[in-house]
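Structure first, commentary second.
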Amino acid sequence: MNSYALIPFLPLAAFVINILFGRRYLKENAHWVSILAVAASWVLAVSALVDVAGGNKINFDLYTWMLSGGFKVSVGFLIDQLTVVMLIVVTTCSTLIHIYSVGYMHGDSGYYRFFSYLSLFTFSMLMLVMANNFLQLYFGWEGVGLCSYFLIGYYFNKKSASDAGKKAFIVNRFGDFGFGIGIFVVFLTFGTVYYEPVFSQAAGLAGATYNFLGYDVHLMTLIALLLFCGSIGKSAQMPLHVWLPDAMEGPTPVSALIHAATMVTAGVFLVARCSPIFSLSDTALMVVALTGAITSLFAATIGLVQNDLKRIIAYSTVSQLGYMFLACGVGAYTAGIFHLYTHAFFKALLFLCAGSVMHAMGGELDIQKMGNLKKYMPVTYMTMLIASFSISGIPGLAGFFSKDEILWMAYAGESPVGKFVWAIGTVVAFLTAFYSFRLIFLTFHGKFRGTHEQEHHLHESPKSMTIPLMILCVGAVAAGWVGIPALIGENIGVHNYIAEFMKPVLGHPEGHGTHGEEMMVMLISIAVGLSGIGLAYFMYIVRPELPERLTQQFRAVHRVLFNKYYVDELYSFIIVRPAIWTAKNVLIGITDARIIEALVNGVPNAIGALSSGLRKVQTGIMQHYATIMATGILIFVAIMLMR
Amino acid sequence: MLQQLFFGYYAFIIIGLSLLVVTRKNPGHSVMWMLLLFFHIAGLYLFLNAEFIAAIQVIVYAGAILVLFLFVVLLLNLREEIALRQTVGSWPVAFFMCAILFVAVTAALGAYVQGPVGGYSIDVIQNETHAKALGKLLYTEYLFPFEIASLILLVAVVGAVVLAKRKLRS
Amino acid sequence: MKNSIIKDIFFTEILKGMALTFKTLFKPAVTRRYPLVPVPSKPGFRGLHALAKDNTGRMKCVGCGLCGAYCPSQCIHIYTTEGEDHNKVVERYEIDILRCIFCGFCVEACPFGAITLSEHYEYSNYTREVFYMTKDKLLENWDKYFEGEKGKRYFKEFWRPMSDDFKENPEQAMFSKIKRKEKP
Amino acid sequence: MIGSVTSFLASFIGEPMANMVLNIVIILIKVVVVIAVTLLHVAYATYWERKVIGHMQLRLGPREVGPYGLFQPFADGIKLFFKEDIIPANSDKPIFYLAPVIFFVSALTSLSVLPFFDGGWVSNINVGLLFLLGMSSIGAYGIVMSGWSSGSKYSFLGGLRSASQVISYEIAMGLSLVGVMIMAGTLNLTEIVKAQYNYPTGFYALPQILGFFVFYVAMFAETNRLPFDLPEAESELVAGYFTEYSGFRFALFFLGEYTGMLIMSSIGTLCFLGGWTLPKFVMDALPFLGSLPKFVWVAVFLVKVYFFMFLFYWVRATLPRYRYDQLMNIGWKVLIPLALVNIMITGTLKIMGWV
Amino acid sequence: MVPLHWYLTLSAAVFMIGMFGFLTRRNIIIMFMSLELMLNAVNISLVSFSHYLQDMRGHILVFFVITVAAAEAAIGLAIIITLFRNKQTAHVDEMNEMKG
Amino acid sequence: MEPLQVADKLKERFSEEVLDVREFRGQVSVTVKKGRILEICRFLHDDPDLYFDYLIDLCGADYLGKKENRFEVVYHLYSIRHRHALRLKAEVSERDIRIDSVMPVWVGVNWHERECYDMFGIVFAGHPDLRRVLLPEDWEGYPLRKDYPMKGPDKEYSGFVDVLERSKKYRQYDWYQ
Amino acid sequence: MEDIEKSFETKELTISLGPQHPATHGVLRLVLQLSGETIVKCTPYVGYLHRGVEKLGENRTYFAALPLTDRLDYISSMNNNVGYVNAVERLFGIEAPDRAKYIRTMVAEMGRISSHIVWLGTHVLDIGATTPFLLSMAQRERILDLFEMICGARLTVSYPRVGGVRNDISQEFLDQLYEFVLEFPAHMDTFETLVTENRIWKERTVDIGIISAEEAVNWGLTGGTLRGSGVDYDVRKYFPYDAYDKVEFDVPVGKKGDCYDRYLVRIGEMRQANRIIKQCIENLPAGPVMADAPKFTLPPKDMVLKDMEHLIHQFILITKGPSVPEGEIYVGSEVPKGELGFYFISDGTGKPYRMRVRSPSFIHASVLPRLSEGGLIADVIANIGTIDIVLGECDR
């Protein structure tokens, strides 16, 4: 028995306790159970980190879950470097956000429910990252999906919230469908769903093909793409990204935990985890890279014009996730995971700050109605500013290192689309800086544009909310220091620890470029970041009337961006409306009116004559049917005897 | 000799009781005979060294399933029910068919060939106790069917509740 | 709320009750073991009737019939005849005890103090005849139950109302005379 | 002595038959002894109940028949035996006759597997615990049938209530015992007791506190005792399923109920309180106890059983009665989940090797 | 030693009686009980096979049969109750809505 | 409000209905015609100044040979809010022995009206369930009428005779048949 | 959908609860229509104990009708007597002396405690707890002994008289009563330990048989049943009689109007009654116990044969009854069950022309369907317990 098994089960226990006793007994004290459980998990995760850093790789089966013929699935845990990083990310964010929620959710009627869902989510996410087989991964995958659904629809009596929950659930089903098939194909191919045998056998099957619908499909590509389907859904990539912004209907801690820091990164984790498979298929990698790049650009452009505080951050999340996929796609899994890791800190921080702002504004989300909040909420302002600097890639902060790593890997990697995605990445870096600071300037600077009542009510959030902010802020600054690129690191005598740490699992492709090129890439990214900030300053502080004029001028562009490229409408047009139309016209209009009517009137008349003879057999008395069955058995036995 | 005697007793009683079960007019009495029948079958199981199955037979069949029957019988309006005709008109046909089928099946027994003997001899089972032996198999080799069975029970429970539930007047 | 959790989980209120019953287990019982240990009735108990005799041993009743007129259940039957010296003679004085409700109104109605209710209450029987009290039986009751001082006391204390009831009486029961006082 | 009887018999019917006949005779003697002794205990269980509850209510209880009323149970029995046996005109007679017998016999049959001390059993079967559960579920037949066959609405409602109550609580009870089974690793009652003896704390009531609690509550419901005596709630259903019974048939129900209490107490004693044994540390501290003859330990067993019986009386003297739906709620929504939690905890601990 | 054939014949006999009951009785509850009878007949043969082949699989099958029987009884009786509420009878020939 | 003021107010509102107002030992009784009794009661109940929310009692009285209209139905009203009481009496003649039920105003009057019907034979129109309440359903006569003899009717009550017959029959019944 | 729901309906079972049933406290009969265990319709039948008290009262003098009131609510006859004599005194226009008033108040509250103890015991017994019944009965026994001491009877006391009380109380009685009063709160605590906080008790009574304040008033409920709904209507406060305006006491009221509230109200009343008795003992004035109104009270026995006038009064009062002014009067009094009202129509003779008894149990029995329908059988039992009816009073 390994005590690391407690990491996921402590939150599960908290969930069980809360859901059973929360309503009647714990009530306002529900958070204690959850926080203690998650904090204990965090402690265990840290000890796992130490353990793994010492060179151990922990892989054990806790309990055999299912055993049927050759199919064996167990509840088992694999803790390697990748898992450990994820563990740290998940438990840290989870703990802090649990604490934050104490203040944020105070006085809510479903207090215990909220915490029990949070705990359940933590459990599922930990099961996901700690799984040592695909089925358990899938279990965790669906578990987090379910919790996400619960938590998005937490305010279930608000229609938009429950709709958003449903949307997230349905959209995810598309991706999970592919993922599920992927797991089947894995089982069919390898005869097992355990990581280790699968990955060790994968290389041997690199060239294998599979006859799929008459086409010979490259097996690894097929598996990789099917698995990637799941990633697209869960990580809100391009065609299936629509659910994430809507998911902001959930409580803000949920947005921070699930829709920024942990769950949505599960897709990236999946790709990284399956890197042995992905690496065997160039096609798949290219698809990953391009999906990531396009999504990041796409989301960033939308983010430029949105007015909803949380949605801007949500689009920024989508964009950053694209970044991570971009990294994975060019083979730089380490960079992707590194960005995942830093991103978790500053994005969670951004969301929590947004929550803090919301708390002060009484639920108001429109940044056009804010302004000058820095006067009232200094802590929030400072932390959010730092997070924005971090995401914009200002040197020294966490975001800078990971982003730079990705861009460099894209530029210098072996991927055929490397240069292209680097270019996109750089543009996105600029856009990111711009919209992040647009947000900052509109929210915290200028004049207050809200109602009097709101202004009167403005205040800094309680301690339980600001302390997690500060802790995360430290993370947003310092988290990147474990991955200082060699270019800088050599000068100050530090290594790229994370890359070395991850090497046994994910490998570490070397960039094919000179120092000069690397310096160039770095400088370009710094420059675009700063210029983005500068432009934002110019447009929103120096010349506040400028955006309005630009909007007037580029009305068409603005409208497209503001309406998120009409993707929702597109889906509505392509899928929803045709379905309704089909139901209305084809099924009712044609099938019912023409065919069924005809059948009802014409055919039955013909058949009726026939059946009136036959119906005497149909007595409706079941003994008669049973007798006929028995006669059948009799005949069967007789034949058997005769033979 | 004694074993044959016991078997003879059990077989005789079981057949007699099953005839009583299917021929009684009053379903309540049928249930009572059925109860006795289950005990005898359980006795037969003990005879075959299947003590756990015998216990289950009593607990589940007699203790749970048959009580359900009894409940349903309680709901019937027995007095009217008994007055009605009890069998379908064509019962001689069914009787004839069952008789033939019985003859056919017993005839087929002649073709039985003893297969290879497995590892669970009486001694093994008695050493390990039947419950343990059965449990080990159930929870290892037959775990999946076992879970499916539990799922079936769950579905049955839900289904029964949905079917039999009715709205209470508020 | 903390208390309610503890109460709900550990059944404190039920345990308190259990403790109480357990304590009672060792308390002396209050049962009156009636047929074995007879319960004395209180003075003035309204039990079986009796007809009073005066000091000379003659019946006090003069047959005025007020008791019969006042009796709410009308169970007193009096038959009088004219005696030798034109005085009223009570020939029969009968009480149907199965009808009587023992309200004691006859005692109040009687101006002569002739009818009384004794403290005797164990007179159950198997025949109805026993419960039809005749004059003789009633007089016999007087001898049985009101022997000596008891009879005098009865009229003094329970033949009401008396003049004492219409005026203040120094012997009246008062709070100031109560021996046991509330503990501080 | 047995040997000489065997050889004597063997001279007539041969060795194997003689052994068998002797075995059967011995078993019959055991059965008679156990039933006789149990019925005596049952008779005095009623006496003690009346005494204990009487004193708890500031009364005296029976005390007129014999010294301290000690012959009261016999007086009651004789009275019931000679009472007129009334059979309702519109009852289903065969079933009406049979119901109390089934109820009583199912209770008595359970006695056959109870070990009263080491070696003191009628039969020592491997599925003893299951046998007991099975028999207690057969008791429900007596109840349902009596309620149904009486042809009275009160009986009918009482029978329905009681049957659903007994069935529901049987689940909780069975599940609460699963923890014990897991810990002892056997269904054999003697083995369970021995396993407890070897367990550090002696009694399973301590590690299985949750299971013990569930068992304890289910025990009351299973025997239709307060606070779960709804089937015979006299304020609602007059006397429930045995409203129409009188005389000796009523006495059978009465005896069956008290035998049931005795058996439930015995199960509790065997599974949770270590049966006839004292915990090992006590035995180690007092070594002379080990040299006592085996049958002496029946005293320990009886003390524990009577402790349970006292709890029955005590609770009856203290608590009001639940309502029918509340009773069902408790059974299905509290006890069964608790029992499942207990199983989960016990199973986990067992897997971890901590118990 | 009792031969296996005896058990199997017994099982066949009980099965046929059950089938006869199912085919001929009109009362749906007795039909149901006949079904249970047939299941029990099968159980007897399974257990005896198991015994003579010294294998546990028969027992395991019996276990599952009992499970399914329990499920079936629950569902079936629920259906009977619903039918009974509608028809106030337990006779099958009153229940012929499905008749063509 | 003083009881007499209440009576005045009632007189004002239903001047034609009120026949008589009397005071005895501080209690005021108002005699009214029975025709609009329901209206009067509703007014007494609903008017915020009067607000007789509480009907203490309803009973009948028989004035055989003393009054022109033989029966009276007496309502004792009380207002818990204003703490004033009123006695309302409605005259009912023997020929037209019907009066409106006041159930719509006070639900609790249900059994009082049934008792009044039971004892006096006064029929309350609009009562949902006008059965005898204290006496058996098939009882003959109305006991509280003055012409009903004190010791009861000469004829034995038929239900009682039935019971006697039946108990005789049961005594002959052999339980062991 | 409706069809489906309709098709799922079951036949209803009709059961007759009573008149011989352990829980109906006498001869109440309820015909219940059940769907499962839920009550669809509840029809009470009363009258099994009808004795024609009103008719009997019209044929007796005002004095001789007093024992009839003993038998109305036979477990609190003292209160009925007090109510009756108060009504008659009001009709006669006489007033009892102070001492008599205090004594009456005292014994009436004793009667209240004894009646509430019976209610508590039987109610709790119906719910299934046996011990509180027997523990409380032991206390009631003490009160009955005290009754026996002052008037010679335990249940049918007939103690008060028109114009006062039958006889003065003895010092011994006062001693024992005071001891009882001092000990009683501790005994109350004992009963409550077993019941009030008990979870089973609460589950059985909380939210069962709810009736709102407005509805309760409209139904004409009185006493603890009304006060449980939160209306503080108490005749002792609203129309003080005897010494109730001279003693301090609170009127406990409930909040929701469920069985538990009614239970708490009655428990509170017992404690208040104890308080009143204590005050009565402590403030008991000296003085006569009969009013000096020779035309309306029997003359002193020691004077009857000495004084002609008294003798004439004695004969006239007993045979013809007092001469009463013509008029009509309704006087209510707070008995343990609720408001017991007496309504007299006097035609000037010594017998009431019309005597009407307004009995609380009658109304409370009529509200049973309202409380019970929609509940379960067990709730009916709880409801019968908390409305606290006595059929002798209900049927009269």
Side-chain angles (χ1 to χ4, degrees), chain B residues 3-4 7 11 14-15 18-19 21-22 27 30-31 34 41 44-45 48-50 53 56-57 60-61 64-65 68-69 72-73 75-77 81 84-88 91 94-95 98 101-102 105-106 109 115 117-121 133-134 137-138 142 145 149 152-153 156-157 159-160 163-164, chain E residues 1-2 4-6 8-10 12-21 23-27 29-30 32-34 36-37 40 43-44 47-48 50-57 59-60 62-64 66-75 77-82 84 88-91 93:
Chain B
Q3 285 185 340
Q4 275 96 326
F7 177 80
I14 285 174
I15 288 180
S18 43
L19 278 173
V21 167
V22 298
S30 259
V31 170
M34 192 85 174
I41 290 180
L44 210 59
Y45 289 162
L48 291 169
N49 275 310
I53 295 287
I56 291 288
Q57 171 88 7
V60 177
Y61 259 123
I65 297 180
L68 280 186
F69 278 100
V72 178
V73 171
L75 297 173
L76 296 186
N77 192 347
E81 198 69 23
L84 295 171
R85 200 162 48 90
Q86 289 297 311
T87 50
V88 293
W91 70 269
F95 178 75
C98 289
L101 205 53
F102 178 66
V105 170
T106 39
L109 286 182
V117 170
Y120 284 92
S121 67
L134 199 63
L137 273 182
L138 267 182
Y142 294 90
I152 288 176
L153 275 179
V157 167
L163 275 173
Chain E
M1 194 64 183
V2 185
L4 174 60
H5 285 182
W6 291 21
L8 296 182
T9 314
L10 171 66
V14 175
F15 188 88
M16 291 311 151
I17 292 168
M19 193 160 97
F20 173 70
L23 292 182
T24 55
R25 292 304 299 264
R26 292 168 79 234
N27 188 307
I29 292 168
I30 296 192
F32 233 101
M33 276 196 276
S34 304
E36 298 291 332
L37 211 56
N40 266 290
N43 283 356
I44 293 176
V47 172
S48 50
S50 222
H51 181 70
Y52 284 91
L53 293 177
Q54 304 192 350
D55 195 332
M56 292 295 279
R57 270 177 256 172
H59 294 171
I60 292 194
V62 171
F63 191 85
F64 290 137
I66 291 178
T67 316
V68 172
E72 171 230 321
I75 291 283
L77 292 172
I79 292 173
I80 289 178
I81 288 174
T82 0
F84 187 71
Q88 296 295 323
T89 180
H91 275 190
D93 30 1

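Treat the numbers as computed from the prediction; the structure is a model and nothing was measured. Labels below follow one simple rule: chain letters A, B, ... track the order of the sequence lines, proteins then strands, and each chain is numbered from 1. Heavy-atom basis, side chains included; hydrogens, waters and symmetry copies ignored.
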Where on [X] is there a heavy atom nearer than 4.5 Å to chain E: the side chain, the backbone, both, or neither?
X: A64(B); result: neither
X: Y61(B); result: side chain
X: V117(B); result: both
X: I41(B); result: side chain
X: L44(B); result: side chain
X: V157(B); result: neither
X: T106(B); result: side chain
X: F7(B); result: side chain

Could you pull out the closest heavy-atom pair between [X] and [Y], with the gap in Å?
X: A69(E); Y: E36(E); value: CB-OE1, 3.8 Å
X: I65(B); Y: A73(E); value: CG2-CB, 3.5 Å
X: A74(E); Y: A160(B); value: O-CB, 3.8 Å
X: A13(E); Y: I15(B); value: CB-CD1, 3.9 Å

Just give me the residue among I60(E), V68(E), V14(E) that pairs up with chain B most often, heavy atom to heavy atom, under 4.5 Å.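 Answer, by heavy-atom pair count under 4.5 Å with chain B: I60(E).
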
With chain B, which of I79(E), D55(E), L53(E) has the greatest number of heavy-atom pairs at distances under 4.5 Å? L53(E)

In terms of heavy-atom proximity below 4.5 Å to chain B, should [X] be classed as side chain, backbone, both, or neither?
X: F32(E); result: both
X: L8(E); result: both
X: F20(E); result: both

Drop me the distance from [X]'s [atom1] to [Y]'s [atom2], to the nearest 0.5 angstrom.
X: L138(B); Y: M56(E); atom1: CG; atom2: CE; result: 8.5 Å
X: I17(E); Y: F102(B); atom1: CD1; atom2: CZ; result: 8.5 Å
X: S34(E); Y: F15(E); atom1: OG; atom2: CZ; result: 11.5 Å

Would you check if [X] and [Y] make a side-chain contact, meaning some heavy-atom pair closer than 4.5 Å?
X: L109(B); Y: W6(E); result: no
X: I44(E); Y: L48(B); result: no
X: Q57(B); Y: V62(E); result: no

Selection from V105(B), L153(B), I152(B) maximising heavy-atom pairs under 4.5 Å formed with chain E: L153(B)

In terms of heavy-atom pairs under 4.5 Å with chain E, which of L101(B), I14(B), V21(B) leads?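 So the answer, after comparing L101(B), I14(B), V21(B), is L101(B).
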
